[in-house]
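Encoded as structure tokens, the structure appears first; notes follow it.
Counting starts at 1 for both ligands and their atoms, following the listed order.
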Amino acid sequence: MDPGDARSILEDERERGLALIAAATSLDDLERAKVALLGRKSPWSQVQRSLGRLDPDARRELGRLSNEVKATLEDAFDARREALEGSSEDALLEGDRVDVTLPGRRPRPGSLHPLTIVQSRIVDVFTRMGYRVAEGPEIEDEWHNFEALNIPPDHPARTMKDSLYVDVPGLLLRTETSAVQIRTMETQQPPVYVIVPGRVYRREAVDATHGSMFQQVEGLAVDEGISFADLKGTLEAFAHAMFGSDRRVRLNPDYFPFVEPGAQLAVSCFVCDGAGCRVCGNGWIELLGAGMVHPKVLENCGYDPERYTGFAFGLGIERVAMPLYGVNDLRLFYEGDVRFLEQFEGAP
Ligand code: FA5
């Protein structure tokens with residue numbers, strides 16, 4: 001290489017290099033500039049490699065110039081790297097800055113399902129009267145669900161049309177929480193005071209007031225000297241605790257194979273107060289079935305019906321929740337629509 005050419009390459013490179021370094025806006029840019037300026041394939045390296053072939057004077061002079069250019073560029077690199085490192089740290093800090101004066105983001109709380117709220121209110125009323133909570137299986141055998149409850153094999157409730165059987169012979173999805181009356185009496189001696197919340201299943205045509213799965217609360221009290229007056233007083237106290245003391249309650253005769261006599265409890269309508277309207281029809285809303293435990297049922301569980309008497313009742317939680325919250329279709333409880341469910345946040 002001609003010494004004149006080498007000199008001008010080195011001077012050009014110094015100028016080009018300083019401009020490149022100054023223009024680098026990131027540490028990556030800067031690294032690329034360094035390779036282009038001082039890397040193995042750079043013009044500066046080519047000059048460097050050609051020095052050995054020059055005569056000693058030219059070699060000395062160009063060698064000095066080449067070192068000067070390298071030192072200048074390296075100083076510029078170092079200065080630029082420091083500047084870039086500082087500013088990327090600043091950018092990082094800026095990005096992570098927390099404005100402690102901003103209002104916080106409120107997490108959206110879940111709330112209890114309306115049927116859970118009603119169930120625990122019902123259970124509370126009875127546990128305050130001294131009842132204990134009992135539970136039983138949802139897949140039940142025919143003895144507990146039917147026979148022991150005085151529902152013989154030829155009873156219409158036992159046909160495949162009304163009950164949901166499972167693949168194992170003799171087992172079905174329980175049709176009423178009354179099955180737990182039997183399980184309780186089989187394992188415990190009187191006095192018995194239990195309240196039994198749980199799901200039940202029936203082969204029903206589903207509509208605004210009927211589900212094929214719904215929830216009941218069963219109550220059972222067996223002791224010496226229990227009378228129908230105790231049943232009436234207990235149910236009245238319950239209705240007033242749930243719906244307020246203005247509601248009137250009424251018992252009508254009804255039939256259930258496992259009670260004698262049997263009754264049905266209705267409360268005066270929330271909308272028309274007993275006058276009769278579109279919601280209730282005749283002024284009364286039917287809430288539950290009840291009655292005095294049939295002596296045969298007591299016997300089936302090994303209790304002496306001469307010594308002990310008792311009452312039982314069973315209500316539908318959906319049917320209690322509907323008038324309480326003004327819900328006109330029971331299916332809304334099971335659709336899981338947040339717009340429906342969020343209305344019960346903080347509900348009593
Ligand atoms: C019974 O289930 C009896 N075991 C109640 C009972 C217990 C009587 C103890 C005597 C002694 P019934 O089938 O009427 O009875 O149902 C009781 C309550 O469950 C009804 O009053 C109603 O509130 C509710 N209910 C009944 N069928 C449905 C249904 N398909 N969907 C929603 N709720 C229902």
* Asked: When you measure from atom 13 (O) of ligand 1 to every protein heavy atom, which one gives the shortest distance, and what is it?
  -> Arg202 NH1, 2.8 Å
* Asked: Parallel, tilted or perpendicular: which describes the rings of His113 and Phe333, with under 30° parallel and over 60° perpendicular?
  -> tilted
* **Sub-4.0 Å atoms of ligand 1 with respect to non-hydrogen atoms of Ala290** => 8 (C), 10 (C), 11 (C)
* To do: Could you see which bit of Leu288 sits under 4.0 Å from ligand 1, with heavy atoms only: side chain, backbone, both or neither?
  => backbone
* Of the side chain and backbone of Phe313, name the one, both, or neither that has a heavy atom under 4.0 Å from an atom of ligand 1. => backbone
* Asked: Do we see a donor-acceptor contact under 3.5 Å between the side chains of Trp284 and Gln264?
  -> no
* Asked: Quick one: does ligand 1 sit under 4.0 Å from the side chain of Val320, the backbone, both or neither, non-hydrogen atoms only?
  -> neither
* **Atoms in ligand 1 with a heavy atom of Thr209 nearer than 4.0 Å** => 31 (N), 32 (C)
* Asked: Is Phe311 in contact with ligand 1, taking contact as a heavy-atom separation below 4.0 Å?
  -> no
* Quick one: look at Ala312 and ligand 1, take heavy-atom pairs under 4.0 Å, and tell me if it's side chain, backbone, both or neither. => both
* Which of the ligand 1 atoms, numbered from 1, are nearer than 4.0 Å to a heavy atom of Ser178 -> 4 (N), 7 (C)
* Below 4.0 Å from any atom of ligand 1, is there a heavy atom belonging to Gln181? -> yes
* Residues which pass ring-ring contact (aromatic ring centres under 6.0 Å, His included) with Phe77, listed by chain and number, not counting sequence neighbours -> none
* Please state which protein non-hydrogen atom is closest to atom 27 (N) of ligand 1 and give its distance, to 0.1 Å? -> Phe214 CZ, 3.3 Å
* Structure fact -> The closest protein heavy-atom partner of atom 9 (C) of ligand 1 is Glu218 OE2, 3.3 Å
* For atom 22 (C) of ligand 1, closest protein heavy-atom neighbour -> Arg319 NH1, 3.4 Å
* Structure fact -> The closest protein heavy-atom partner of atom 31 (N) of ligand 1 is Gly211 N, 2.9 Å
* Asked: Which bit of Glu318 is near ligand 1, meaning a heavy atom under 4.0 Å away: side chain, backbone, both or neither?
  -> neither
* Asked: Any ion pair linking Arg7 and Glu61 (charged N to carboxylate O, less than 4.0 Å)?
  -> yes
Taking only distance into account, with no hydrogens and no angle test, what donor-acceptor pairs under 3.5 Å do side-chain atoms of residues 214-224 form with protein atoms, sequence neighbours excluded?
residue: Gln215; atom: NE2; partner: Tyr334; partner atom: OH; Å: 3.2
residue: Gln216; atom: OE1; partner: Thr177; partner atom: N; Å: 2.9
residue: Gln216; atom: OE1; partner: Thr177; partner atom: OG1; Å: 3.1
residue: Glu218; atom: OE1; partner: Thr177; partner atom: OG1; Å: 2.8
residue: Glu218; atom: OE1; partner: Ser178; partner atom: N; Å: 3.2
residue: Glu218; atom: OE1; partner: Ser178; partner atom: OG; Å: 3.3
residue: Glu218; atom: OE2; partner: Ser178; partner atom: OG; Å: 2.8
residue: Glu218; atom: OE2; partner: Gln181; partner atom: NE2; Å: 2.7
residue: Asp223; atom: OD2; partner: Tyr193; partner atom: OH; Å: 2.9
residue: Glu224; atom: OE2; partner: Arg307; partner atom: NE; Å: 2.9
residue: Glu224; atom: OE2; partner: Arg307; partner atom: NH2; Å: 2.9

* Structure fact -> Taking only non-hydrogen atoms of Glu286 and a 4.0 Å limit, the atoms of ligand 1 in range are 21 (O)
* Asked: When you measure from atom 4 (N) of ligand 1 to every protein heavy atom, which one gives the shortest distance, and what is it?
  -> Glu176 OE1, 2.6 Å
* To do: Compare Gln216, Met322, His210 and give the one whose heavy atom is closest to atom 16 (O) of ligand 1.
  => Gln216
* Do Phe313 and Phe126 have their ring centres less than 6.0 Å from each other? -> yes
